[in-house]
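What follows is a set of notes on a single structure, which appears directly below.
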Amino acid sequence: EIASCLVGSEMCIRDRARAIIQELEEHFIRQKQVVAAIRESEFYSIVCAKGMPQEVATSFLEQFVLKTRKKWDKVPNKFDREDIYPWKFGRRLSFALRPILAFDLKEDLTLLMAPNALREGFIYLLDGTMNGRLRQKFYTTPKMKNEWWGKASEGHTFNSEVVAELRAQGWTVEEGIGIPQIINKPTTINFGDIDALAWREDSDDILVIECKDLSFARNYSEAAALLSTFQGQTDEKGKRDKLRLHLDRVEFARENIVSFKDFSGRKQGEITSCIAFSGIVPMQFAKIDALHGTHVGSVDEILESIRTG
């Protein structure tokens, strides 16, 4: 589900989108046009000529059309002001993501388009979905908003880098492991997975590590938005932020230290809270009560902090 109705049993999203874009490209080539205005009815005639279901074409158009607004600063329902501010990255109402321009409010819209820009817009959407760069608000279904986006936005490439670096320094590491797997029974609370659980023979520390990749932040405000999920807070609806979830995992691990020692094959051991970032962050230097006893920084900085106490 990138554009919900593009999913089908006989063709995946990519294939249906490619087929629609290809039909438009071939039409424009025949007309010897790079950019042209066509009516919405003509759009359907072009893309549905070889059997593409109209509901699929409609879903595609809704995903990629940028419609005229009566007022520039009046955004449609389900959108926010930040979706139109030119200085914001990742706007849901931008030409990069909606390269089909609708110039009137008639029933049969006038659509200005360039197939190459449309192809680039689809690639941008697909790539942003795969790597978690796009915001959660881009998606509508619970599966995409919660399961897929959560996994993509966590930066699993960075997790693997942290794991590889720890292993290179002699640590045994389990990546993306759930607490029920460690204690060999279900938990009443969903703690989420531990990004990295690490231990080594010559250390009493069993590291419970949360990993956060900041490399996708394109400016200070985006970095700040990512870091805002590490405040150690629970909102009014009872939803815990990333730091609170991590600290709750650490607390549960300490309460169940015997199971963690058994899992790691250790006779001695204590749970050590760590947060690994891909860059320097203010919380490394801030005195935040919630971070007391948590080692924050790069893998080298965390290990040095543990060694020096």
Side-chain angles (χ1 to χ4, degrees), residues 1-70 75-79 83-84 90-149 151-153:
E1 183 260 323
I2 293 175
S4 57
C5 285
L6 293 181
V7 178
S9 56
E10 71 279 8
M11 281 202 284
C12 70
I13 301 166
R14 182 190 60 193
D15 292 336
R16 289 194 166 196
R18 181 184 294 164
I20 290 173
I21 295 170
Q22 184 172 330
E23 289 298 330
L24 291 168
E25 286 176 334
E26 290 178 356
H27 171 79
F28 277 55
I29 289 171
R30 288 193 297 270
Q31 300 299 317
K32 297 182 179 181
Q33 295 173 316
V34 177
V35 181
I38 62 174
R39 287 292 186 184
E40 184 178 1
S41 55
E42 188 179 358
F43 166 83
Y44 285 112
S45 297
I46 295 168
V47 304
C48 298
K50 297 180 180 178
M52 181 66 67
Q54 184 164 332
E55 63 270 20
V56 173
T58 297
S59 181
F60 181 92
L61 185 59
E62 289 177 352
Q63 177 65 52
F64 292 103
V65 69
L66 185 61
K67 293 183 178 179
T68 296
R69 300 189 296 273
K70 291 183 178 180
V75 297
N77 292 335
K78 300 181 180 180
F79 291 92
D83 289 317
I84 62 173
R91 303 187 308 278
R92 289 183 291 171
L93 295 173
S94 70
F95 178 75
L97 281 160
R98 293 178 174 270
I100 300 176
L101 305 181
F103 277 103
D104 52 40
L105 300 173
K106 298 177 182 178
E107 185 174 339
D108 192 8
L109 295 173
T110 299
L111 305 175
L112 181 67
M113 65 177 71
N116 184 62
L118 183 55
R119 182 178 291 277
E120 291 295 322
F122 178 73
I123 292 171
Y124 183 66
L125 176 61
L126 190 63
D127 181 66
T129 299
M130 292 298 295
N131 62 36
R133 187 185 297 273
L134 300 179
R135 292 178 295 127
Q136 192 175 23
K137 290 182 179 180
F138 271 84
Y139 312 108
T140 57
T141 66
K143 189 172 184 66
M144 282 298 295
K145 289 181 70 174
N146 301 320
E147 295 181 29
W148 172 260
W149 182 85
K151 292 177 181 178
S153 65

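In what follows, every heavy atom counts, from backbone to side chain, and hydrogens, waters and symmetry copies are set aside.
- Closest approach of P99 to A117, counting heavy atoms only: CG-O, 3.6 Å.
- The closest side-chain heavy-atom distance from R39 to K106 is below 4.5 Å.
- D108 meets the side chain to side chain donor-acceptor pair (under 3.5 Å) test with S41; sequence neighbours excluded.
- In this view, R98 satisfies the side chain to side chain donor-acceptor pair (under 3.5 Å) rule with no residue, not counting sequence neighbours.
- Annotation for C48 and Q54: closest pair SG-CA, 4.0 Å, computed over non-hydrogen atoms.
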**OP:** Begin from the C-alpha positions of R119 and E25 and carry the test side-chain contact (heavy atoms from CB on, under 4.5 Å) through to its verdict.
**Re:** CA-CA 9 Å; R119 182 178 291 277; E25 286 176 334; 2.9 Å; yes
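- Counting heavy atoms from C-beta on, the side chains of R91 and L97 never come closer than 4.5 Å.
- The two residues M52 and V56 have their closest heavy-atom pair at SD-CG1, 3.7 Å.
- Between E42 atom CD and L109 atom CG the span is 13.5 Å, to the nearest 0.5 Å.
- Judged by distance alone, with hydrogens and angles left aside, the side-chain atoms of T68 form a donor-acceptor pair with the main-chain N or O of A102 at under 3.5 Å.
- Evaluation of the side-chain contact (heavy atoms from CB on, under 4.5 Å) rule for L112 yields V35, A37, L101, F103 as partners, not counting sequence neighbours.
- Considering only residues two or more places apart in sequence or on other chains, K50 meets the side chain to side chain donor-acceptor pair (under 3.5 Å) condition with E23.
- Considering only heavy atoms from C-beta on, L61 comes within 4.5 Å of I100 through its side chain.
- The distance from atom CZ of F43 to atom OG1 of T110, rounded to the nearest 0.5 Å, is 14.0 Å.
- Rounding to the nearest 0.5 Å gives a distance of 12.5 Å between CG of N116 and CG of L24.
- Listed by chain and number, the residues in a side-chain contact (heavy atoms from CB on, under 4.5 Å) with Q31 are H27, Q33 (sequence neighbours excluded).
- Residues P115 and F28 come closest through the heavy atom pair CD-CD2, 3.6 Å.
- Atom CD1 of I21 and atom CD of E26 lie 12.5 Å apart (nearest 0.5 Å).
- The line from CG of L93 to CZ of R69 is 6.0 Å long, rounded to the nearest 0.5 Å.
- For T58, the side chain to side chain donor-acceptor pair (under 3.5 Å) test picks out Y44, with sequence neighbours left out.
- Taking CG from L118 and CD from E120, the interatomic distance works out to 10.0 Å, rounded to the nearest 0.5 Å.
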